Amino acid sequence: MELTDLSAKEIAHGYRAKTFSAVDVAHAHLTRTDKENPKLNAYLEVFDDVLEHAKEADTVLATKGSAAHTLTGVPIAVKDNILIKGKRASAASKMLENHVATYDATAISKLKAAGALFLGRTNMDEFAMGSSTEHSAFGVTRNPHDLTRVPGGSSGGSAAAVAAHLAPVALGSETCGSIRQPASLCGLVGLKPTYGAVSRSGLIAMGSSLDQIGSFSRNVADTELIFETVRGHDALDGTTLPTDGQKKVANKKIGVPRDFVKDADPRVQESFEKSLAALSKNGYEIVDITFPSAPYALAAYYIVMPAEVSTNLARFDGMRYGLSYEGKNLREEYDVARARGFGPETKRRIILGAHVLSSGYYDAYYRRATALRGVIAEDLRKAFESVSYIATPTTPGAAFKIGEKSDPLSMYLEDVFAAPANLTGIPAISVPSAKVLRDGTELPVGIQFMSPKRTESSLFAIARDLLGETV
Amino acid sequence: MISADEVKKLADLGRLALTDEEVEKLRGEIDSIVAYIDTVQKVQLPEKPASSPYLDLENVMREDGEPHETGVYTEELLKQAPRRDGNYLKVKKILG
């Protein structure tokens with residue numbers, strides 16, 4: 001057993017049993033990263049102060065003993081759109097290539113208070129727009145299960161780092177599927193919390209009514225540990241929910257919207273059925289439900305999100321920070337800095353956002369999409385009157401080849417099962433399901449569970465039951 | 001199909017200098033994406049749709065006041081500025 005094979009909780013136990021030190025664990029992860037990262041490109045940067053902070057963690061562990069926070073000295077990778085004061089945060093964009101964070105994201109402050117050890121910042125699709133990390137300005141990340149395939153995205157670097165044991169846990173962010181989809185493609189547990197459970201302060205904004213910070217890990221316990229550490233009300237984010245008020249679901253009933261899941265790859269559906277059968281043996285009751293608005297969720301998302309993107313990204317003007325261009329007048333400076341700073345997908349979404357918000361189109365698109373969010377929320381409310389969970393495959397397929405989805409729309413369809421949770425703010429988790437065979441390679445895929453707002457603890461319970469995890 | 005001029009107008013609104021090749025490529029892409037998002041027109045909306053999907057959200061206010069001491073972040077923030085003059089950002093003249 002290598003130190004890099006241990007989960008966050010196992011590392012914490014090892015510290016308390018004095019089996020190894022935080023310096024040992026940091027060193028093991030840095031050594032493995034040195035060897036593996038050049039081929040994976042999971043990390044954009046490995047921080048140069050990891051060992052220094054590991055020594056500090058060892059001192060804390062020696063003085064506080066078992067009173068130290070579980071995460072003291074536990075390494076964690078951080079997506080490149082979450083601010084750590086004094087470190088670069090580029091959102092994998094040329095626009096912010098040399099941008100240094102001037103403050104800590106709230107999630108980071110909480111992890112710092114817990115004593116977690118930040119290993120580095122991970123690759124992603126530029127400004128979190130994409131499902132493969134192919135839209136990063138700094139090269140694609142490769143899937144550790146098959147280097148010719150994508151790890152998913154946009155949090156692909158974080159997923160690849162955890163799957164390749166370059167970190168036991170990682171922070172990611174979701175606007176629509178950006179944690180669950182890479183978790184599915186890399187064989188990990190990935191949580192998208194209830195909107196408002198985790199503060200968005202210090203997360204580089206993409207779609208503010210949808211964005212949420214979550215995490216990746218190789219087991220359920222670590223995902224729960226990170227969630228419990230970073231969540232909570234924050235005065236710096238007016239959309240955060242009260243710290244108290246978490247709930248549990250009433251029973252073990254799982255609803256399956258059959259009409260919705262039939263579009264997944266047949267091999268993925270087979271894997272999905274195996275997981276449902278396993279849960280059925282484990283005391284869960286599986287029932288068919290209707291979810292009529294579900295197939296329209298992604299289309300609504302591709303109206304709401306670009307509208308918010310075009311607004312949020314208006315701040316990048318090359319005047320106060322970020323890439324700048326000295327032109328003959330102010331207007332040229334804006335236009336050229338933005339043209340040079342943003343990649344093709346980012347430009348596409350800014351244009352699309354301007355289009356759906358144009359006068360004459362506003363009612364047909366943005367207003368309608370917003371009303372549709374209400375319809376989806378109502379469908380979910382009705383469904384949750386009779387079931388506790390809704391299950392679907394996390395993704396329509398397993399990891400695809402790098403370059404396979406060059407048409408933007410085919411890439412967007414990766415997130416078809418993700419959209420309802422983001423649009424309505426409910427939590428959802430992706431858990432590894434049975435592997436599928438593609439071109440002779442066994443690849444992971446995930447099963448997704450959604451549940452009512454603030455019932456994350458029930459998602460952890462069903463995930464544990466599926467994986468047979470007892471801690 | 002969306003016209004080149006329409007794409008250029010949108011790029012203008014988004015403050016993006018696009019090349020002619022980019023405009024041409026975007027025309028086809030925007031068309032196929034718009035055809036997809038148009039499926040939202042098929043959904044029957046309730047006669048009285050909810051005014052907002054965020055029914056359980058409310059506006060958050062705070063008391064007026066100084067969130068922090070003046071100037072404590074100035075240097076750190078200005079360090080990120082591409083061009084500065086003392087504690088000012090240096091930008092092009094906007095009034096003739």
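Computed from a predicted structure; not experimentally measured. Basis for what follows: all heavy atoms, side chains included, without hydrogens, waters or symmetry-related copies. First the proteins, then the strands, lettered A, B, ... as listed; each starts at 1.
A salt bridge does not link A/E378 to A/R373: none of the charged nitrogens lies less than 4.0 Å from a carboxylate oxygen. Using a cut-off of 4.0 Å between Lys/Arg side-chain N and Asp/Glu carboxylate O, A/D335 and A/R338 are scored as not salt-bridged. Ion pairing of B/R27 with B/E24 is present here, as a side-chain N (NZ or NE/NH1/NH2) and a carboxylate O approach within less than 4.0 Å.
Annotation: A/Y301 is not in aromatic contact with A/Y296 [ring centroid separation under 6.0 Å not met].
Residue with the most contacts toward chain B among A/R340, A/H355, A/E332, A/K328: A/H355 (heavy-atom pairs, distance under 4.5 Å). Ranked by heavy-atom pairs under 4.5 Å with chain A, the first of B/K25, B/K90, B/R15, B/R83 is B/R15. With chain A as the partner, the residue from B/K42, B/Q44, B/K92 showing the most heavy-atom pairs under 4.5 Å is B/K92.
No donor-acceptor pair closer than 3.5 Å links the side chain of A/D104 to the backbone N or O of A/S109.
Residues of residues 28-41 of chain B that come closer than 4.5 Å to chain A, counting heavy atoms only, are B/E29, B/I30, B/S32, B/I33, B/V34, B/Y36, B/I37, B/D38, B/T39, B/V40, B/Q41, ordered by residue number. Residues from residues 62-79 of chain B that place a non-hydrogen atom less than 4.5 Å from a non-hydrogen atom of chain A comprise B/E76, B/L77, given in numerical order.
A side chain to side chain donor-acceptor pair (under 3.5 Å) with A/D211 is found for exactly one of A/N422, A/N81, A/T175, A/N312, namely A/T175.
Applying the side chain to side chain contact (heavy atoms under 4.5 Å, CB included) test to A/A105 and every residue at least two apart in sequence or in another chain returns A/I82, A/I108. For A/A294, the side chain to side chain contact (heavy atoms under 4.5 Å, CB included) partners are A/F260, A/F291, not counting sequence neighbours.
Proximity to chain A is limited to the side chain of B/L26, based on heavy atoms less than 4.5 angstrom apart.
Taking all atoms of both residues into account, the shortest heavy-atom contact from A/I204 to A/A89 is CD1-O, 4.3 Å.
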